[in-house]
Amino acid sequence: MAMDIKICGLSTAETIERASARGATHVGFIHFPKSPRHLSLDAMAALRPLVPPGVKLVVVTVDADDATLGAIAARVRPDMLQLHGHETPERLAEVKRRTGLPAMKALSVGSAADLDAVAAYRPVADAILLDAKRPKGSELPGGNGVSFDWRLLAALDPATRYMLSGGLHAGNVAEALALVSPAGIDVSSGVESAPGVKDVALIEAFFDALDGAPPIQERKAS
Ligand SMILES: O=C(O)c1ccccc1NCC(=O)[C@H](O)[C@H](O)COP(=O)(O)O
């Protein structure tokens with residue numbers, strides 16, 4: 001099965017087009033006012049038609065209330081929500097029921113014990129994204145450009161499908177994929193020239209690096 005590739009925090013027609021053309025299966029919009037990648041409802045609704053059919057649009061929120069999530073569902077019509085705050089499995093199930101949308105839950109990993117949370121979300125989440133912990137001083141629960149120790153994922157139930165996230169870039173994605181076999185990968189800061197400024201050349205370099213990575217069957221065998 002081909003790996004999912006999510007390019008997150010996009011905000012321009014050019015970067016949506018390039019990421020999609022190079023093989024992104026998912027593109028992400030951030031709706032979190034503290035983020036340099038924040039897009040208003042109007043901005044997301046305006047960019048929505050630029051996401052090609054077959055590429056999934058994910059809107060990322062952080063502990064958003066029902067009114068906000070309802071407005072996103074109605075006006076932006078994403079294919080999926082990404083809940084990147086402290087949402088419990090019960091809240092995730094409620095969000096799915098209220099919005100009628102699939103939901104991915106982001107979980108932060110700093111130690112093997114952090115992976116215990118995965119079991120609670122697996123029955124309700126449509127996808128699990130494993131990200132690094134927020135560094136001290138950052139106001140952002142994601143999009144910090146820092147990685148966690150990928151070797152911790154050896155402790156995961158091998159049946160767990162997850163998206164690997166946190167600090168990936170063209171220079172380390174092949175190394176990550178030599179160590180772990182995620183169902184998907186997600187990148188934001190690693191394809192930016194400055195916080196919130198996506199760079200087409202870095203997007204190209206990321207996909208070039210993936211083109212050079214060994215296919216998943218070879219990775220599993222090694
Ligand atoms: O990117 C943000 O600004 C952001 C803000 C608040 C919550 C989540 C956010 N990003 C979510 C993502 O899915 C990022 O792609 C993920 O955290 C990886 O980011 P990076 O380490 O910068 O590649």
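Order of listing sets the numbers, starting from 1, for every ligand and every atom in it. Scope of the values below: all heavy atoms of this structure, side chains included, with no hydrogens, waters or symmetry mates.
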Q) For the side chain of Asp186 and the backbone of Met163, is there at least one donor-acceptor N/O pair under 3.5 Å apart? A) no
Q.
So for ligand 1, is Ile30 a polar contact partner (N or O within less than 3.5 Å, distance only)?
A. no
Q: For ligand 1, note which part of His38 has a heavy atom under 4.0 Å away: side chain, backbone, both or neither.
A: neither
**Q.** Identified side-chain hydrogen bond (donor to acceptor under 3.5 Å, both in side chains) partner of His84 from the options Glu87, Gln82, His86
**A.** Gln82
Q: Can you figure out which of Gly167, Pro195, Gly142, Ser188 has its heavy atom closest to atom 9 (C) of ligand 1?
A: Gly142
Q.
Does Lys96, at its NZ atom, have more than 12 non-hydrogen atoms belonging to other residues, nucleotides or ligands within less than 6.0 Å?
A. yes
Q) Which protein non-hydrogen atom lies closest to atom 17 (O) of ligand 1, naming both residue and atom, and how far is it? A) Asp131 OD2, 2.5 Å
Q. Is any side-chain heavy atom of Phe148 closer than 4.5 Å to a side-chain heavy atom of Leu164?
A. yes
Q: Heavy-atom contacts with Cys8 under 4.0 Å: which atoms of ligand 1 show up? List them by number with element.
A: 12 (C), 13 (O), 15 (O)
Q. Under a 4.0 Å N-O cut-off, is there an ion pair linking Arg98 with Glu94?
A. yes
(Q) Tell me whether ligand 1 is touched by Gly9 - counting only heavy atoms on the residue side and a distance under 4.0 Å. (A) no
Q) What do the steps show when you test Val95 against Thr61 for side-chain contact (heavy atoms from CB on, under 4.5 Å), and what is the final call? A) CA-CA 11 Å; Val95 167; Thr61 61; over 6 Å; no
Q) Which residue and non-hydrogen atom of the protein lie closest to atom 14 (C) of ligand 1, and at what distance in Å? A) Asp186 OD2, 3.4 Å
Q.
If we only consider heavy atoms of Gln82, is any one of them less than 4.0 Å away from an atom in ligand 1?
A. yes
Q) Does Ser165 come within less than 4.0 Å of ligand 1, judged by its heavy atoms? A) yes
Q. Should Pro141 be counted as touching ligand 1, given the test is an N or O pair under 3.5 Å?
A. no
Q. Side-chain donor-acceptor pair under 3.5 Å between Lys6 and Ser188, yes or no?
A. no
Q: Could you tell me whether Gly143 and ligand 1 have an N or O pair separated by under 3.5 Å?
A: yes
**Q.** Gly166: numbered ligand 1 atoms lying under 4.0 Å from its heavy atoms
**A.** 18 (C), 21 (O)
**Q.** Protein residue, atom and distance nearest to atom 22 (O) of ligand 1, heavy-atom basis
**A.** Ser189 OG, 2.4 Å
Q: Identify whether Leu129 and Val191 are in the same connected component of the hydrophobic contact network (ILVMFWY, side-chain heavy atoms under 4.5 Å).
A: no
Q: Identify, for atom 7 (C) of ligand 1, the protein heavy atom at the shortest distance, and state residue, atom and that distance.
A: Val62 CG2, 3.6 Å
(Q) Give the atom numbers and elements of ligand 1 that come within less than 4.0 Å of a heavy atom of Lys6. (A) 13 (O)
